[in-house]
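Okay, structure first, notes after.
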Amino acid sequence: MLSIEQIRRDPESVRQALASRGEDDPLEELLELDARRRQAISQGDELRARRNQASREIGRLRSQGNEAPEDVVQEMRQVGQEIEILEQESRELDDRIHSILLELPNLPRPDVPRGLSEEENVVVRHWGEPKTLEFPGKPHWDLAEDLGIIDFQRGVKLSGSRFYTMSGYGAKLERATIAWMLDLHSREHGYTELMLPILVRREVMEGSGNLPKFAENLYWDEEDDLWLIPTAEVPITNLYRDEILPPESLPRYYVAQTPCFRREKAAAGRDTRGIKRVHQFNKVEMYKFVAPESSDEELDRLVADAEDVCQRLGLAYRVLQLCTGDISFPSAKTFDIEIWSAGCEEWLEASSCSNCTDFQARRANIRYRSAAGARPEFVHTLNGSGLALPRVIIAILENNQQPDGSVVIPEALRPYTGFDVIPAPGS
RNA sequence: GGAGAGGUGGCCGAGUGGUUGAAGGCGCCGGUCUCGAAAACCGGUAUAUCCGCAAGGGUAUCGCGGGUUCGAAUCCCGCUCUCUCCGCCA
């Protein structure tokens, strides 16, 4: 959520920042509502001050055994009604302001490349040589099906399109990759591992920015009003909701593996083959709560931690800085990591690392004190995949496939898989 | 799912209609004392919002929402969460 104070103080730069994202701004309406709201509050406060004073006087008289003067009581009864009207007015204005603010995205950092579509994203670096196969390689949907490790038909039988099942070597490869990534981040990069609920309350979805605007991409249980998370970012963001963290408690780094659920309504018809875009997938998510002044630097280190995963798996990748029009709703600055996959011959987005500045912290009311006695400030939050499983599995399978259809397991994963190779079909 | 108990400030805990934003204690911060520390003593210690350059002042907040009243932490109604016991259950 954007700060109404900032909008009041400097509407022009907020307007420009929103325009750089391709967003129409409602600032004029917002400012007018805000002015009216503040006026209603002032008037109400003034009346309440009068009433409090009179009530105190009545109390004093009563304690001395005297009756309250009837004209004062009458007048205060009148004042009470006026207060009620003003209260209702300011509550309504507040609701309207709040609901407008909930729909506005974060403001891009000044150093984010300007542009309205993904065409304007900037490749900031490459690592590794994109793999080319010496033989006709298969895309993973053929490869995995031939190996008998992914069953698309039976996934559809259970749950419909964009669902799949994994078995045998495939299931073990996924589990091993998750365990290895969690160990890497927790043992070597300083993250604390978490196990989290994947069903969350409505307000938790609001805190992370997924509601109210993106409801159609979420699965929802109506009876209990619980929502299936599209990423671990959602529960982690809300861990410290409505808390004031003491000094010295930042930064905090967390890592968690959860299933992620996405309806993919907006992408209907896209990427329908294979496991690149599915309704349920596993993801290892990194997350940071940091002091505002350090968030840009922390983002760079977050990206580096995600890159480390790719490097250790020997996956060639490129890092993109997303332009103003392509960063996600809560983000002020985002880097994507795309890994090369030799079968379908494309760059696959395996990680998206964002600095959400105080946007989620304001929504979820997460604050901290920089020093004992200091005024509470909103923290900055960052999130990044480290990494998203299906796409890592795609790249591992496609890049490491052999002419006979077998797949060699990356060295780093072998202690976790317990096998070095997924044997060729029929062997 | 059934029955009961309960949600007060960073924590514990008092408080059943009137100068109570809230006693007392703990914790924390500052000071006195000390070579230094401990102890003791003194003082300070919530958040949000509005007005104000500031100093300062007003208002709101005792789980949440509503009601009664000149006035609600205190009374009434609804909701919610926690705990205990029973039932069910991986």
Side-chain angles (χ1 to χ4, degrees), chain A residues 1-10 30-102 195-207 221-227 235 238-250 252 259 289 358 361-379:
Chain A
M1 195 155 64
L2 301 182
S3 125
I4 188 72
E5 293 86 50
Q6 189 189 357
I7 293 171
R8 203 184 296 147
R9 198 173 349 101
D10 189 5
L30 212 42
L31 288 170
E32 201 222 307
L33 292 171
D34 178 55
R36 283 168 54 196
R37 175 181 151 271
R38 284 186 296 156
Q39 201 191 3
I41 288 174
S42 283
Q43 288 175 357
D45 283 359
E46 225 165 273
L47 290 177
R48 258 189 233 100
R50 272 178 59 196
R51 186 178 66 181
N52 287 346
Q53 202 177 1
S55 295
R56 241 173 269 142
E57 183 58 31
I58 291 169
R60 201 176 291 129
L61 289 171
R62 285 280 300 273
S63 69
Q64 293 163 356
N66 299 319
E67 276 309 302
E70 188 53 33
D71 58 325
V72 175
V73 171
Q74 279 301 334
E75 194 195 340
M76 287 308 119
R77 201 170 284 156
Q78 179 67 36
V79 166
Q81 281 166 12
E82 287 171 43
I83 288 171
E84 214 161 297
I85 291 165
L86 285 164
E87 238 170 31
Q88 199 189 329
E89 188 183 332
S90 65
R91 199 179 321 119
E92 276 168 15
L93 288 164
D94 200 50
D95 286 349
R96 284 173 66 188
I97 290 166
H98 192 70
S99 61
I100 293 171
L101 287 176
L102 280 179
M195 276 285 208
L196 298 161
I198 58 181
L199 280 168
V200 299
R201 299 164 178 281
R202 174 182 294 270
E203 58 264 34
V204 168
M205 283 293 181
E206 274 182 12
D221 168 60
E222 184 170 14
E223 186 172 354
D224 294 310
D225 194 21
L226 286 173
W227 300 71
N238 289 274
L239 279 176
Y240 299 110
R241 155 183 217 93
D242 293 325
E243 291 190 40
I244 300 173
L245 301 172
E248 320 281 299
S249 59
L250 297 180
R252 292 180 186 221
F289 296 91
D358 60 0
R362 183 170 283 110
R363 284 180 166 236
N365 194 27
I366 312 161
R367 293 169 293 169
Y368 86 112
R369 275 182 230 278
S370 54
R375 209 180 138 77
E377 289 176 67
F378 289 112
V379 304

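Naming: A, B, ... by sequence-line order, numbering from 1 per chain. The structure presented is a predicted model; accordingly, all values stated were derived computationally and were not measured.
Here the separation of A14(B) from G87(B), taken at their P atoms, is 33 Å to the nearest Å. A gap of 23 Å separates the P atoms of G27(B) and A22(B), to the nearest Å. Rounded to a whole angstrom, the distance from the P atom of C62(B) to that of A23(B) is 15 Å. Annotation: G21(B) and A46(B) have their P atoms spaced 15 Å apart (nearest Å). On the C1' atoms, U74(B) is 30 Å away from C85(B), given to the nearest whole Å. The separation of G24(B) from A38(B), taken at their P atoms, amounts to 25 Å, rounded to a whole angstrom. As rounded to the nearest Å, C76(B) and U68(B) have C1' atoms that lie 7 Å from one another. If you take atom P in G13(B) and the same atom in G25(B), they sit 16 Å apart, rounded to whole Å.
Within the 4.0 angstrom heavy-atom criterion, only backbone atoms of the sugar-phosphate kind lie near Arg38(A); the bases stay farther away. Using a 4.0 Å heavy-atom criterion, one finds that Arg50(A) contacts no nucleic acid atom at all. Ser42(A) comes within contact range of the sugar-phosphate backbone alone, with a heavy-atom separation under 4.0 Å but no base atom that close. Backbone-only engagement by Pro376(A) is indicated by non-hydrogen atom pairs under 4.0 Å involving sugar-phosphate atoms exclusively. Backbone-only contact: Arg8(A) has heavy atoms under 4.0 Å from sugar-phosphate atoms and none from a base. Among the protein residues, Arg60(A) comes within range of the nucleic acid bases, having at least one heavy atom under 4.0 Å from a base atom. At a threshold of 4.0 angstrom between heavy atoms, the contacts of Ala49(A) are confined to the sugar-phosphate backbone, with no base atom among them.
We find that Glu87(A) and Arg48(A) are joined by a salt bridge, their nearest charged nitrogen and carboxylate oxygen being less than 4.0 Å apart.
Between Glu89(A) and Gln43(A) the shortest side-chain heavy-atom distance does not fall below 4.5 Å. Taking the side chain as every heavy atom from C-beta outward, Ser3(A) and Arg362(A) approach each other to under 4.5 Å.
Taking all atoms of both residues into account, the shortest heavy-atom contact from Ser90(A) to Ile41(A) is CB-CG1, 4.1 Å.
For A39(B), there is no paired nucleotide, since no Watson-Crick or G-U wobble pair has both relevant distances below 3.5 Å. With a cut-off of 3.5 Å on both Watson-Crick or G-U wobble distances, the partner of G4(B) is given as C83(B). With both pairing distances under 3.5 Å, G24(B) is matched to C12(B) as a Watson-Crick or G-U wobble pair. Of all nucleotides present, none satisfies the Watson-Crick or G-U wobble test against A90(B) with each distance under 3.5 Å. The partner of C75(B), taking Watson-Crick or G-U wobble pairs whose two distances both stay under 3.5 Å, is G67(B).
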Can you list, pair by pair, the side-chain donor-acceptor contacts under 3.5 Å of residues 59-71 of chain A, counting residues two or more places apart and other chains?
from, atom 1, to, atom 2, distance (Å)
Arg60(A), NH1, Glu57(A), OE1, 2.6
Ser63(A), OG, Arg60(A), O, 2.7
Glu70(A), OE2, Gln74(A), NE2, 3.3

Donor-acceptor contacts, no H, no angles, side chain residues 239-246 of chain A, under 3.5 Å, sequence neighbours left out:
from, atom 1, to, atom 2, distance (Å)
Tyr240(A), OH, Arg252(A), NH1, 2.7
Tyr240(A), OH, Tyr254(A), OH, 2.5
Arg241(A), NH1, Glu203(A), O, 3.3
Arg241(A), NH1, Asn238(A), OD1, 2.5
Asp242(A), OD1, Asn365(A), ND2, 3.1

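For Gln88(A), the side chain to side chain donor-acceptor pair (under 3.5 Å) criterion is met by Glu92(A), not counting sequence neighbours. Checked against side chain to side chain donor-acceptor pair (under 3.5 Å), Glu75(A) has the following partners two or more places apart in sequence or in another chain: Arg50(A).
Rounded to the nearest 0.5 Å, atoms CD1 (Ile7(A)) and CG (Leu101(A)) are 5.0 Å apart. The structure places CD of Glu32(A) at 5.5 Å from CZ of Arg36(A), a figure rounded to the nearest 0.5 Å.
Sorted by residue number, the members of residues 79-100 of chain A with any non-hydrogen atom under 4.0 Å from RNA chain B read Arg91(A).
With a heavy-atom cut-off of 4.0 Å to chain A, the contacted part of RNA chain B has its first and last nucleotide at G18(B) to C81(B).
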